[in-house]
Amino acid sequence: MRIDVVTIFPEYLGALDVSLIGKARREGLLEIRVHDLREHAFDRHRTVDDTPYGGGAGMVMKPEPWALALEQIAADSPLALDAEGETGRRPVLLVPTPSGQLFRQQVAQELSAADHLVVACGRYEGIDERVFHWAQEQYEVRLVSLGDYVLNGGEVAALAMVEAIGRLVPGVVGNPESLVEESHSDGLLEYPVYTKPSSWRGHDVPEILLSGDHGKIAAWRHEQQVERTQRRRPDLLERLDVSTVAQED
Ligand SMILES: COC(=O)c1ccnc(N)c1
């Protein structure tokens, strides 16, 4: 998967050189390029923002630098060859914004199948809305939110989304089994985990986990998932079908 990130703070994306995502880049599983939006602003001060039409506080990101950056990336896309082809596949333009669709594991799963993701990190009061309409021709535009809160810019959200998506790309996580039993992978929160020592400062590991009875352990873990989800995220249960909650025989 090819991922391009456009930002006025490229250094913010340095975290993508570390750990599993960094390793996947070095192994060629993920090709991640970070672009400085200011390189596409051509006035003397490399201006990327201006005052909002209609008044109001703060500044809005100008459309032209974004269009120049996104045009250059689209032209360089591995999908560019398809633009004229019958598939006509377009890169996904992922825009982290508090006004977007909620980013959930299912969205990460869906986007992990994309060939080319371009992440637009807005700052200030946001990006001129016309950019998202203009970009429709060359991109599948997806405005996505991490939750109901506001950040100073899209970079932190971009890091979270790139990690959540990138780790689902085959080969990035060493043991794909570990992706199966994570929180939200089956719609439930994950079960509690323990390691040695079995007794620690008066706190013991649940006996069932020391029994070696894998059937009972699996049943206990599922019960824990359902109980935790009921207690911490009852909203998730409303979205689930009964079979996931009911103990499979
Ligand atoms: C500037 O971006 C944000 O404030 C943002 C992005 C994604 N999710 C959010 N909840 C906020």
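When a ligand or atom number is given, it counts from 1 through the structure's own listing order.
No donor-acceptor pair closer than 3.5 Å links the side chain of Arg221 to the backbone N or O of Tyr191.
Residues Arg142 and Val95 are not in side-chain contact: their nearest non-hydrogen atoms beyond the backbone lie 4.5 Å or more apart. Ile165 has its side chain within reach of Leu94: a pair of non-hydrogen atoms, C-beta onward, lies under 4.5 Å apart.
Applying the 4.0 Å criterion to heavy atoms of Gly154 picks out, from ligand 1, the atoms 1 (C), 2 (O). When each atom of ligand 1 is checked for a heavy atom of Ala157 under 4.0 Å away, the hits are 6 (C), 7 (C). Taking a cut-off of under 4.0 Å to the non-hydrogen atoms of Gly153, the atoms of ligand 1 that pass are 1 (C), 2 (O). Listed by number with element, the atoms of ligand 1 under 4.0 Å from a non-hydrogen atom of Leu146 are 7 (C), 8 (N), 9 (C), 10 (N).
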task = Might you work through the side-chain contact (heavy atoms from CB on, under 4.5 Å) test for Thr229 and Val226, ending with a clear yes or no?
result = CA-CA 5 Å; Thr229 308; Val226 173; 5.8 Å; no
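Nearest protein neighbour of atom 4 (O) of ligand 1, counting heavy atoms only, is Leu151 N, 2.7 Å. Looking only at heavy atoms of the protein, atom 9 (C) of ligand 1 is closest to Tyr149 O, 3.5 Å.
Salt-bridge check for Arg233 with Asp235: passed, with a basic side-chain N closer than 4.0 Å to an acidic carboxylate O. With salt bridges taken as basic N to acidic carboxylate O contacts below 4.0 Å, one links Asp17 and Arg25. One finds a salt bridge joining Asp76 and Arg33 here, because a Lys/Arg side-chain nitrogen approaches an Asp/Glu carboxylate oxygen to under 4.0 Å.
Of all the heavy atoms of Ser145, the ones lying under 4.0 Å from any atom of ligand 1 are found in both the backbone and the side chain. Residue-level proximity to ligand 1 for Thr97 is carried by the backbone, the only part with a heavy atom below 4.0 angstrom.
Around atom 10 (N) of ligand 1, the closest heavy atom drawn from Gly147, Pro98, Pro96 belongs to Gly147.
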